[in-house]
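All ligand and atom numbering here is 1-based and tracks the order in the structure.
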Amino acid sequence: MPRHDTVSLPTGTVPARFRPPTGASDAASVSLDGPWRFRLFPSADTGADPADRGDEWDTIEVPGHWQLAGAPDTWPYGTPAYSNVLYPFPVEPPFVPDANPTGEYRRTFEVPAGWAADGRAYLRFEGVDSWFEVSVNGAVVATSHGSRLATEIDVTDVVVPGENLLSVRVTQWSALSYVEDQDQWWLSGIFRSVTLEHRPEASVAHATVVADYDHTTGTGSLTVEVEGSAEARVTVPELGIDVAAGETATAQVEPWSAERPRLYDVTVTTPGETVTLRAGFRTVSIEDGVFLVNGAPVKLRGVNRHEFDPLRGRSVTPERMLEDVLLMKRHHVNAVRTSHYPPHPHFLDLCDEHGLYVVDENDLETHGFIDGGWVGNPTDDPAWEDVLVDRVTRTVRRDAHHPSIVLWSLGNEAGSGCNVAAMTAAVRALDPTRPVHYEGDWSSDDVDVYSRMYATSEETELIGQGVEAPLARAEADARRRQMPFLQCEYAHAMGNGPGGLSDYDAIFDRYPRLMGGFIWEWIDHGLTRRTDDGTEFAAYGGDFGEDFHDGTFIADGLVLPDRTPAPSLVEMAAVFAPVRLDPTADGTTLLVRNRYAFRDTSHLTFEWTLHHGDDVLATDTLDDLVLAPGEERSVAPPAGLDLPSPDHTPTWWTLRAVQHEADHLDAPWFDDAAGSFVVSSGQLALTPAVSLPEATGRAQQTSDGFTVGHARFDARGTLLELHGRPVAELRVDAWRAPTDNDRREGSWVDLSDESVWKESGLHLLAERKVSAEITDGALVVTARTAGPRTRNGFRTVYTWRPVADGSDDVDLHVAITPEGRWGQSIARLGVLLVLDEPGAEDVAVRWHGLGPEESYSDSRKAAVGGAYEHTVRSLQTRYTHPQENGARRGVTHAELTFADGSELTLDAGPSSVGGRSTAGLELSLRPWSDTALDQAAHPHDLVPDGKLWLHLDARQHGLGSAACGPGVLSNARLTAAPAEVSVRLASQPVGR
Ligand code: IPT
């Protein structure tokens with residue numbers, strides 16, 4: 001028997017077979033999930049006897065990872081470790097270190113008495129990480145690998161009536177670890193189910209299903225090939241189909257698509273077994289370089305999904321899988337790349353049923369070889385050909401019956417080489433109906449689509465236009481130029497981000513060649529841990545004491561580890577919406593675009609509201625707006641609307657596309673609790689935001705300073721008190737707690753934004769008052785704000801004036817002028833106001849502006865102008881790794897209600913940067929400082945400090961995707977420029 005550290009095929013296993021949905025077959029099976037005996041050894045040579053029942057050993061739950069057996073409190077069998085690209089062991093394939101945690105598993109089973117009469121008994125392992133050896137009754141029967149692939153072993157001849165002993169030895173590291181270097185936690189063990197299956201005589205050993213759809217005639221054609229019996233019949237009662245296996249039947253059908261996932265029951269009957277599959281009729285093709293489903297161009301609005309559960313790792317329950325699928329559907333995801341291995345087969349059943357296009361990826365990644373210039377890469381080593389071909393063969397044989405799969409992917413980040421062609425040939429031989437994808441070889445010699453990851457929007461646009469830089473080989477170039485283009489990864493959702501999603505989406509829509517892409521990635525893989533005092537947190541690389549790790553890079557999802565949507569998920573939903581409502585360039589109409597490939601908009605109601613601040617002024621629906629797939633139309637607000645006179649808050653006309661009822665295909669994801677589902681919204685400002693009315697009052701000089709309304713100052717012009725509330729600080733600010741994107745260089749700048757900000761000392765700004773005097777009745781304070789070491793700084797003029805004589809309320813106008821030579825960006829430009837406020841996290845905030853979630857200048861499609869309410873606590877986004885978050889933009893009015901019931905009201909006129917003016921200001925409120933936010937490693941490190949930190953910004957820098965990909969685009973960059981903010985501070989709301 002081969003050892004774990006050799007490059008060799010599994011032994012003692014049977015050819016991979018298709019995996020019908022659970023319960024689809026009438027052949028018997030027995031689950032072997034549940035408690036097993038377990039012992040962990042420090043090396044692969046455990047010395048444990050496979051005949052030893054392990055009666056004295058521990059008990060462990062199968063399926064599961066041994067490292068997570070005691071999560072979230074104890075770690076009895078080693079701990080998880082996270083490394084992304086580089087191998088956490090010396091690179092000397094096929095060898096791995098002697099220190100190789102190895103689990104010995106034991107359990108007994110009985111073969112049901114009836115099985116002996118006919119057929120055979122198989123053991124089926126759905127997933128074991130990484131290499132394993134199976135013994136029955138003390139004798140080794142098989143060795144296998146392919147962590148995310150099934151292994152089946154015929155045990156008929158080794159089992160006995162009554163009790164049998166099943167022993168499984170699983171090594172953490174093996175030669176195969178070199179080809180399973182995916183960006184995730186290293187987690188080991190029998191992590192998917194184990195079953196004992198009866199394969200009766202003349203049963204369905206394997207089935208190949210081809211269910212095509214001819215969109216020109218509406219005809220479906222079905223061919224099911226069956227291995228294992230010559231007498232197989234195929235019936236589809238709903239379609240009156242009853243044919244022999246191998247014969248093609250045709251019928252008029254409703255096609256399958258992700259939009260309308262229509263499935264038919266297809267029953268395969270052999271003398272020994274009846275299996276009922278769920279088939280969908282659909283055809284995938286590439287014509288003239290365009291990716292088509294059922295003859296229609298389809299854009300993949302996708303996400304990369306790793307299997308992950310914060311307590312169970314990759315041992316994911318069916319409930320979690322369904323949760324993922326329904327969350328995706330509710331957020332307009334139409335495609336999933338199963339990065340970077342075949343998922344649990346049940347996930348694919350769910351994709352068939354609920355409608356998601358799938359790129360099913362082979363279990364292959366050799367990224368760590370990049371560090372040695374790819375020398376020795378298994379992808380280019382003939383010695384590995386059989387192993388790699390075996391993997392992709394097992395993938396296709398297991399999964400090909402799923403209508404949801406539209407592309408096969410050979411793997412991820414595995415470089416290029418001879419085995420790419422070998423794998424493609426194997427896939428094509430098994431399944432000629434689907435295109436083959438592999439990103440790792442940009443020549444695209446062996447595949448059907450041109451795929452890249454993190455290409456900038458500029459390059460994507462060139463590729464869309466077909467004018468990308470040529471390949472050196474003319475023939476290969478000509479071939480690639482005929483291919484559709486896919487971004488298999490883009491828009492890195494690490495921490496606060498990605499910015500720029502709308503930009504990509506618009507480019508995908510513009511060019512038929514672009515078939516869309518997959519955001520990296522679906523979920524933050526933060527593992528639940530508890531601190532000593534019982535506080536739960538999501539652990540990332542290094543949190544288990546790993547010496548070699550990649551830190552926070554594991555936390556880069558659209559959903560937080562517990563599946564709480566991050567703001568990026570909400571933004572993505574608005575960008576991916578199949579029906580988009582976007583203002584046209586002149587801002588007077590909304591362009592309604594039906595981006596469904598197959599569906600008209602008759603299931604939607606177009607409802608509009610005219611609103612201003614808290615007031616709803618009118619509502620109605622737009623009739624007759626049924627758009628065919630691909631159709632678009634401009635709609636204007638109805639004539640004759642009664643508009644209020646302009647003030648500092650715009651009057652919005654908001655149009656929503658709402659689904660009120662769901663048919664059976666939509667019902668599972670449709671949120672019936674709410675009774676309706678807003679597919680999309682768009683809005684127009686019908687009255688512009690204008691300046692606040694002039695303040696007319698006069699500031700007063702006092703013996704020790706100044707008073708302006710209820711604002712009190714010392715003689716230097718330092719604000720001491722506001723409406724009776726002690727003020728800890730008021731100064732210009734230009735820094736933020738860097739996001740994961742701010743911290744990295746991105747693909748087109750040399751320096752990270754964070755390093756540029758640090759260089760200018762923005763994180764250590766200090767303010768010096770230059771003068772304070774009453775001019776024309778206003779208190780005018782000038783100041784200079786700068787960081788250490790530098791001569792760069794900001795010259796600021798604060799102008800304070802009571803709203804009227806005798807009024808407590810004050811107007812503040814701030815004009816900030818940068819001095820000196822500034823770098824590529826600054827984080828923000830505005831005023832930081834810090835109030836002494838114990839209990840700041842409970843302060844209630846109501847505002848008029850964009851919301852309800854946070855938004856940034858390059859992540860703002862989901863933000864809708866309106867009236868919203870939160871507490872300071874709920875304004876914070878608890879990113880797995882704390883960083884800048886929670887900005888609310890376009891805020892023209894905010895009411896803060898403090899614990900004692902008192903209120904502070906802010907009304908903001910338009911702010912401007914570099915002469916460009918926008919309604920209101922950008923408001924952030926925190927119960928801790930940005931410095932504390934920056935220093936926190938996890939959310940529980942953030943403790944309210946007894947102050948309320950208010951940022952009143954003219955603007956903040958965008959988000960970008962520099963953590964992996966391009967930085968902030970020029971349309972969202974903030975660079976040093978003169979800025980102005982005006983705000984009225986009152987203890988009562990400003991009357992209209
Ligand atoms: C890309 C990987 O394919 C993906 O698995 C993940 O690691 C991602 O990066 C980063 O989160 S590879 C990238 C270095 C281009």
Side-chain angles (χ1 to χ4, degrees), residues 81-88 147-148 177-187 302-308 314 336-343 359-371 373-374 377 379 407 409-416 437-442 451-456 459-460 486-498 501 504 517-526 540-541 549-559 561 566 568 739-741 743-748 752 879-881 959-967:
Y82 165 57
S83 65
N84 172 8
V85 174
L86 302 181
Y87 294 106
S147 295
R148 274 66 63 155
S177 303
Y178 286 97
V179 295
E180 295 179 4
D181 185 30
Q182 291 93 348
D183 177 7
Q184 57 185 348
W185 296 99
W186 295 98
L187 292 169
V303 295
N304 280 280
R305 173 183 179 269
H306 265 290
E307 298 194 303
F308 186 73
R314 287 187 288 284
V336 192
R337 174 174 177 234
T338 69
S339 54
H340 300 301
Y341 39 79
V359 176
D360 192 2
E361 194 147 89
N362 184 30
D363 194 353
L364 169 63
E365 172 155 344
T366 63
H367 211 164
F369 283 90
I370 199 170
D371 210 28
W374 295 103
N377 181 17
T379 310
L407 290 175
S409 176
L410 303 179
N412 181 61
E413 291 286 8
S416 57
H437 163 272
Y438 177 59
E439 190 273 347
D441 180 359
W442 294 3
S451 175
R452 291 276 303 282
M453 51 172 78
Y454 309 104
T456 60
E459 189 181 6
T460 309
L486 179 69
Q487 287 251 42
C488 69
E489 293 176 26
Y490 76 111
H492 198 250
M494 186 176 185
N496 191 348
L501 196 56
Y504 278 112
F518 296 85
I519 293 179
W520 187 267
E521 70 175 307
W522 175 244
I523 189 163
D524 272 8
H525 316 206
Y540 46 74
H549 66 83
D550 286 301
T552 54
F553 226 62
I554 195 87
D556 52 4
L558 295 160
V559 294
S568 54
T739 65
D740 290 310
N741 288 312
R743 288 174 197 276
R744 291 175 173 79
E745 293 80 26
S747 49
W748 52 267
S752 70
Y879 287 111
T880 301
H881 172 226
L959 299 174
S961 201
C964 192

Heavy atom of the protein closest to atom 12 (S) of ligand 1 (residue, atom name, distance): E413 OE2, 3.0 Å
Close approach, E521 and ligand 1, non-hydrogen under 4.0 angstrom: no
Under-4.0 Å heavy-atom contact with ligand 1, by part of D556 that carries it: side chain
Polar proximity ligand 1 side, H367 side, N/O cut 3.5 Å exclusive: no
Ring centers of H367, Y87 separated by less than 6.0 Å: no
Nearest neighbour in protein (non-hydrogen) for atom 5 (O) of ligand 1: H340 NE2, 2.7 Å
Aromatic contact, W186 with H525 (centres under 6.0 Å): no
Shortest reach to atom 15 (C) of ligand 1 by a heavy atom, considering only H492, M453, E489: M453
Atom pair CH2/CZ of W522 and R305 - distance to nearest 0.5 Å: 9.0 Å
Check against side chain to side chain donor-acceptor pair (under 3.5 Å), Y540 and D550: CA-CA 9 Å; Y540 46 74; D550 286 301; over 6 Å; no
Lys/Arg-Asp/Glu bridge criterion (N-O < 4.0 Å) met for R148, E307: no
Where D740 and A963 come nearest, the two heavy atoms and their spacing: O-CB, 4.0 Å
Contacting atoms of ligand 1, where contact means under 4.0 angstrom from a heavy atom of N84: 7 (O)
Nearest neighbour in protein (non-hydrogen) for atom 8 (C) of ligand 1: Y454 OH, 3.4 Å
Check: C488 main-chain N/O paired with E439 side-chain donor or acceptor under 3.5 Å: no
Centroid-centroid distance, H549 to W185, less than 6.0 Å: no
Atoms in ligand 1 flagged as close to F553, the criterion being non-hydrogen separation under 4.0 Å: 10 (C), 11 (O)
Contact atoms of ligand 1, heavy-atom distance to N412 under 4.0 Å: 2 (C), 3 (O), 5 (O)
Atom 7 (O) of ligand 1: the protein heavy-atom neighbour that sits closest, reported with distance to 0.1 Å: D183 OD2, 2.5 Å
